[in-house]
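Notes follow once the structure below has been shown.
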Amino acid sequence: QVQLVQSGGGSVQAGGSLRLSCRASRYTTDTNCVAWFRQASGTEREGVAAFFTGGLPYYSDSVKGRFTISQDNVMNTIDLKMDSLKPEDTAMYYCAADGDISACMALGDSEASTRFHYWGQGTQVTVSS
């Protein structure tokens, strides 16, 4: 089993920046694919960024050019740096992991979240106008 613990997030005005971090209890083949999802009130969970072994980072169109997913080898975390935040970025954000990199490659699918076995506890991001 892998536990994912999230940190970061909070409230910011539009145009500001926030960073989310996701630490896994252990990095094994179960964490070949790590992704960030978000879910706004009344909407489906949406994959926004993914980082997987041997591949290029993936971003949804809604965050491309503003969000950056990266691995911090010192802190042993997968981070999501969010710049130029907009009110529509307001949501609960979750990190997720799976051993199958196809889960990351299919992040844009409507059922993408069902492919992930491990989830963080969620953290709220609120962007005010």
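All values reported here derive from a predicted model rather than from experimental measurement.
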List the residues meeting side-chain contact (heavy atoms from CB on, under 4.5 Å) with Glu88, not counting sequence neighbours, and say none if there are none.
Lys86
Spatial distance of atom CZ (Phe67) from atom OG (Ser17) [nearest 0.5 Å]:
9.5 Å
Between Ser84 (side chain only) and Arg66 (backbone N and O only), is there a donor and an acceptor less than 3.5 Å apart?
no
Other members of the hydrophobic cluster containing Phe52, with the 4.5 Å side-chain heavy-atom rule, please.
Ile101, Met105
Residues at least two apart in sequence or cross-chain that pass side-chain hydrogen bond (donor to acceptor under 3.5 Å, both in side chains) with Arg45, listed by chain then number, are Gln39
State, with a plain yes or no, whether a side-chain heavy atom of Leu85 is found less than 4.5 Å away from one of Leu18.
yes
Restricting to side-chain hydrogen bond (donor to acceptor under 3.5 Å, both in side chains), what partner residues turn up for Thr126, sequence neighbours left out?
Gln124
How far does CD of Gln6 sit from OH of Tyr93, to the nearest 0.5 angstrom?
11.5 Å
With sequence neighbours left out, what residues match Asp79 under salt bridge (Lys or Arg N to Asp or Glu O under 4.0 Å)?
Arg19
Between Leu80 and Thr68, is a side-chain contact (heavy atoms from CB on, under 4.5 Å) present by the stated rule, with each step listed?
CA-CA 6 Å; Leu80 185 68; Thr68 304; over 6 Å; no
For Tyr94, check side-chain hydrogen bond (donor to acceptor under 3.5 Å, both in side chains) against everything at least two apart and list the hits.
none
For Glu111, does its backbone N or O pair with a side-chain atom of Asp109 as donor and acceptor, under 3.5 Å?
no
Hey, could you give me each pair passing disulfide (SG to SG under 2.5 Å) that has a residue in residues 100-129? Not counting sequence neighbours.
Cys33-Cys104
Going by the rule side-chain contact (heavy atoms from CB on, under 4.5 Å), which residues pair with Ser128 if we only count those two or more places apart in sequence or in a different chain?
Gln13
Set out, in order, the CA-CA distance, both residues' side-chain angles and the distance that settles side-chain contact (heavy atoms from CB on, under 4.5 Å) for Val125 and Met82, then state yes or no.
CA-CA 10 Å; Val125 170; Met82 304 180 292; 3.8 Å; yes
Answer whether the closest heavy-atom distance between the side chains of Arg38 and Asp89 falls below 4.5 Å.
yes
Kindly say whether Gly8 contributes a backbone atom to a donor-acceptor pair with the side chain of Thr123 at under 3.5 angstrom?
yes
By salt bridge (Lys or Arg N to Asp or Glu O under 4.0 Å), which residues pair with Asp83, not counting sequence neighbours?
Lys81
Listed partners of Phe37 passing ring pair (Phe, Tyr, Trp, His ring centres under 6.0 Å), at least two apart
Phe116, Trp119
Are side-chain heavy atoms of Leu107 and Tyr59 found at a separation under 4.5 Å?
no
Looking only at non-hydrogen atoms, find the nearest pair between Ser129 and Ala14 and report the distance.
CA-CB, 4.3 Å
Determine whether more than 12 heavy atoms belonging to other residues, nucleotides or ligands lie under 6.0 Å from atom CD of Gln121.
yes
Do Asn32 and Asp98 have side chains that approach each other closer than 4.5 Å (heavy atoms only, starting at C-beta)?
no
In the structure I gave you, are the side-chain heavy atoms of Ser102 and Arg115 within less than 4.5 Å of one another anywhere?
yes
Rounded to the nearest 0.5 angstrom, the CG-SG distance for Asn76 and Cys22 is 10.5 Å
Quick check on the hydrophobic clustering: are Val34 and Ile69 connected, directly or via other members, by side-chain heavy-atom contacts under 4.5 Å?
yes
Spatial distance of atom OG (Ser7) from atom CG (Leu20) [nearest 0.5 Å]:
8.0 Å
For residues 39-77, which residue pairs qualify under disulfide (SG to SG under 2.5 Å), counting only residues two or more places apart or in two chains?
none
Name all residues meeting the side-chain contact (heavy atoms from CB on, under 4.5 Å) criterion together with Ser60; count only those two or more places apart in sequence or in a different chain, and write none if there are none.
Glu46, Val48, Tyr58, Ser62, Val63
